[in-house]
Amino acid sequence: MDLKLTADERAFRDELHVWLSANVPKDWAERKYDPLEKRFDYLKAWQRKLYESGWAGIGWPKAYGGRAASTILQVIFWEEMAKAGAPPFANVLGLGLIGPTIIAFGSDDQKQRYLRKILSAEEIWCQGFSEPEAGSDLAALRSEARLDGDHWIVNGHKVWTSYGWAADWCELVVRTDPAAPKHKGLTVLLVDMKSPGVDVRPLKQITGETEFSELFFRDVRVPVANTVGTVNDGWNVAIGTLMHERGTFGAGLQVMYRQNIERLIALARSTERNGKPASEDPIVRQKLAQAYAEVEIMRLNQMRAFSKINQTGVPGPEGSIQKIFWSELNQRMQQLAQELLGPYGQLEGPDGYAVDHGIWSYGYLRARGNTIEAGTSEIQRNIIGHFVLGLPRSY
Amino acid sequence: MQFGLNETQQILQTNARKFFATECPMSEVRRIAETETAHDATLWNKFAEQGYTSAFFPEEYGGLGLGLVEMALLMEEMGRALVPGPFLSTLIAGVFIEAAGSAEQKERFLRPICDGRATAAHALLEPNPARDIHSVKMRGGDTISGTKIFVAGAAAADFLVVVAADGAYAVHAGEGVAIQPMPSLDVTRKYYAVTFENAIAERLPNSGNMQRAVDIATLAVAAETVGGMQRVLDLAVEYAKTRKQFGNPIGKYQAVQHMCADSYLETESARSAAYYAGWALQENTPEAALAVSIAKMYSSDAARNVGNRGIQIHGGMGFTWENDVHLYYRRFKANETAFGDATFHRERIASLIIDGVAPALMRAASPLLATQG
C-alpha cells in the first residue's frame with residue numbers, strides 16, 4: 001500500500017495541469033449556468049479541443065486514439081479536470097459506455113468507423129436501454145428487430161434516454177428471439193438516429209431541464225453489419241456496458257463534492273445562527289464534519305476499487321457500493337445545504353437574492369435523480385446481495 | 001499509487017486469520033471470557049511466538065519494527081476473532097512508552113512486552129463529570145495518587161502507563177495500586193477502576209509526543225472494530241442463507257438482503273478509512289490526524305449499525321446468549337466510546353476543517369504538550 005503518486009503519475013498530472021491552466025475556457029464560469037441544451041455546442045467544441053490535444057479517451061487503446069493510460073492515470077485525469085473547473089465532455093455516454101463496449105465486443109470495421117468520432121464529439125451517442133415496461137427489469141424489454149435480408153427491421157419504444165435529443169447514434173438493445181428466455185434473446189445494434197422511422201421526443205424533468213428523451217422506432221432499417229457481438233448475446237454486451245457505468249468516471253465526482261463541502265463551510269461562516277456564525281454552532285459543525293468525512297471515505301473507497309481494477313483489469317460488482325455511496329451522499333449533502341441556507345435554499349436563477357446562481361435549489365432537485373439513474377439504489381443493493389454476498393436472487 | 005496491500009501485508013493478514021481461527025476460535029473466546037481477568041497465559045505465549053507482541057515496536061528493543069498499516073491489519077484480524085484479554089491495552093501502553101519514554105525506560109518496559117514476558121495497561125479517564133478524554137486532572141511526581149477508571153486489562157498488567165495532566169507516568173502494579181473490577185458490557189476485555197495511593201511513579205520525559213501516540217491508539221481501536229464488523233456481517237449473511245421462512249432462505253427477501261448490503265457498504269467504508277489512517281500516520285502526512293478522526297468517527301457509528309442489523313437478521317436467536325453476535329455487539333460499544341466517540345471526533349474534524357486548527361486530543365494535557373519540544 002503506497003498512496004503517493006509515482007514519478008510517472010506525477011509527470012502525467014503536471015503535464016495535464018499545465019495544459020488545463022492554458023486551455024480551460026475563461027467564459028465557462030458564466031456559461032456553465034446555461035441550460036444543457038443551450039451549452040451543448042460549446043461542450044462539443046471543448047471536447048474537440050481535448051481530442052486534438054490527446055486528452056479524450058486516455059484509457060482507450062492507442063490504435064483507436066487513446067493513450068492506453070492505466071486506471072490510476074484515468075483517475076488522476078478526472079480529478080484534475082474537476083480541480084481545474086473544466087467543462088465536462090459533450091459525448092459522455094460515448095466516451096464512458098459505448099466506446100468501451102465497441103472496443104470490447106465490436107468488429108474491426110465498427111472500431112475503425114465509430115471510435116475516433118466518439119472521441120472528437122463529431123458523433124454524439126445515446127444508449128437505448130430502458131423501456132416503459134422494462135426499467136430495473138431491463139431484460140423484460142420488448143423493442144424488437146427481425147431480419148429482412150441484410151437489414152434488421154426495428155420497432156419499439158425507449159425511454160429515459162439521456163442526450164437522446166442530441167444524439168447522432170444510439171446503442172440499442174432489442175429482442176431478436178421472442179421464443180428464448182428473456183436474457184437469451186437480446187441483441188445490441190448501433191442505430192443511426194437520422195434513419196427514417198426514428199422519432200425523438202424530449203422529456204422535461206423535475207429540474208425543468210431536458211437531459212433525457214423518449215425514442216420511438218417504426219420499421220427502422222438497420223444494416224446487419226451494425227450488430228455488436230453475437231446475435232442473441234446482447235445481454236452480455238449490455239451488462240458489459242453497464243459495468244463501465246461504474247468505471248473511473250466517478251473519480252471527478254469526489255473532487256466536486258469536496259468543492260461543495262468547502263463552499264458549504266464558507267457559507268456557514270457567513271450565515272448567522274443565534275447571533276453567531278453558523279460555523280460556530282455545534283450542530284452545524286457536527287453535520288459539516290460528517291459530510292466532509294463521508295466525502296473523504298467516498299474518495300478512499302474509490303481509490304481502493306480503482307487500485308483493484310488497475311491490478312485485475314475489470315471493475316467488479318463491489319463497484320455497486322460506489323453508486324449507492326455517491327448518490328445517497330449527494331442527497332444528504334444537498335439537504336445540509338438547504339438547512340444552512342434556510343429559505344434562501346429554494347431561490348432560483350442568477351439574480352436577486354439567490355445564493356450561488358441558485359445552484360442549491362437546482363442541486364436539491366437534481367440529487368433526487370441520483371438514486372434512480374444508472375441503476376436504482378434498490379438494484380445496487382440486489383447486486384451486492386446476490387453477486388457479492390452470495391445471497392439468493394430475490395427476483 | 002496503490003491502495004491494495006503489498007505481498008508482506010497480505011501474508012501477515014492471511015497468517016493472522018489462520019492463526020486466530022485455529023488458536024482462538026469462539027469456544028476459546030467464551031472460555032477465556034469467563035475467567036477472572038480474561039487473560040490466558042498460554043494464548044499470550046503463542047502471540048509472542050507469532051511475533052504479535054513485538055510486531056510494532058523498534059528492533060533495538062526487541063521488536064520487529066512493522067508499520068501502522070500492518071498494525072491496522074493485525075488489529076482487524078484480532079477484532080474479527082474477538083481476541084479476549086489485554087493485547088490492545090498492552091499494545092497501547094507500549095505505544096505510549098515508545099512515544100514518551102527515555103531510551104533506558106524503553107529498554108526496561110518495551111523489551112519485556114516484545115519478549116512476551118509483560119502485559120500492560122493504559123490509564124486515561126478519571127471519575128469526574130467530563131466523561132471523555134478531557135477528564136484528565138491527576139498530577140504526578142515521584143509518586144502518584146488518584147483514581148483512573150475504564151482501565152482495560154489492569155488486573156493482568158505488570159505495569160500501567162498513567163496519563164496525567166502534567167505528563168505520562170509508568171507505574172508498576174503492586175504497592176499503592178488497588179484494582180477493582182468495573183463490570184461492563186464487553187465481557188472479553190474487562191475494565192477496572194485503579195486507585196493509586198502514593199504509588200511509586202516514573203515520569204516519561206517526552207510526553208510532548210503523546211498526541212501521535214493517542215492517534216495510533218485510536219487507529220488501533222478503529223481497525224479492531226472493522227474486523228468485528230466483518231465477522232458480524234459474515235454471521236448475518238450465513239444465517240440469511242440457511243434460515244428458512246415461508247419456504248425460502250430469509251436472505252432471498254429484499255428487506256433482509258438490503259440490510260446485508262448496507263452492512264457490507266459500511267464495513268468496506270470503515271476498512272478504507274482505517275487503512276488510509278494507518279498509511280497517513282505511518283507516513284506522517286499533514287492529514288494524518290484528520291484521517292484518524294474520520295476512521296474512528298465512522299467505525300464508531302457504523303459498527304453499531306452493523307451490530308443492530310446482525311441481531312435483527314438473526315431474529316430471536318440473535319437475542320440469545322448462545323449466539324455470538326452479542327459478544328461483538330458488546331465489544332462495539334466499548335470501542336465506540338474508547339478514545340472518543342463519533343460526536344467527539346466529528347468536533348475534532350470540524351476544528352480541523354472549519355477552524356483550521358488541530359485541537360489536542362487531550363485538551364487537559366495540552367499545556368504540557370506545548371512545553372515539550
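Numbered from 1 within each chain, the chains take letters A, B, ... in sequence-line order.
Looking at Arg368(A), Lys323(A), Arg381(A) one by one, the single match for salt bridge (Lys or Arg N to Asp or Glu O under 4.0 Å) with Glu328(A) turns out to be Arg381(A).
Other residues, nucleotides and ligands contribute over 12 non-hydrogen atoms within 6.0 Å of the CD atom of Glu339(A).
Top candidate by heavy-atom pairs under 4.5 Å with chain B, chosen from Asp2(A), Leu3(A), Ile297(A), Thr6(A), is Leu3(A). Contact count versus chain B (heavy atoms, under 4.5 Å) is highest, among Ser394(A), Ala293(A), Gly385(A), Pro282(A), for Ser394(A). Here Gln9(B) is the residue among Gln9(B), Gln282(B), Met259(B) with the most heavy-atom pairs under 4.5 Å with chain A. Put simply, of Tyr276(B), Trp279(B), Tyr298(B), the one with the most heavy-atom pairs under 4.5 Å next to chain A is Trp279(B).
If you measure heavy-atom distances from Thr285(B) to chain A, you find no contacts under 4.5 Å at all. Interface remark: Val69(B) contributes side-chain atoms only to the contact with chain A (heavy atom separation under 4.5 Å). Using a 4.5 Å cut-off between heavy atoms, Ile265(A) contacts chain B through its side chain alone, with no backbone atom that close.
Counting only heavy atoms from C-beta outward, the side chains of Leu5(A) and Ile76(A) approach each other to under 4.5 Å.
Between the side chain of Arg269(A) and the main chain of Ile354(B), a donor-acceptor pair closer than 3.5 Å is present.
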request  = Please assess Ser300(B) against Lys296(B) for the test side-chain hydrogen bond (donor to acceptor under 3.5 Å, both in side chains), listing each intermediate value before the final yes or no.
outcome  = CA-CA 6 Å; Ser300(B) 295; Lys296(B) 182 63 170 69; 3.0 Å; yes
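With a 6.0 Å cutoff to the six-membered ring centre and a 45° limit on the axis angle, Arg67(A) does not count as a cation-pi contact of Phe12(A).
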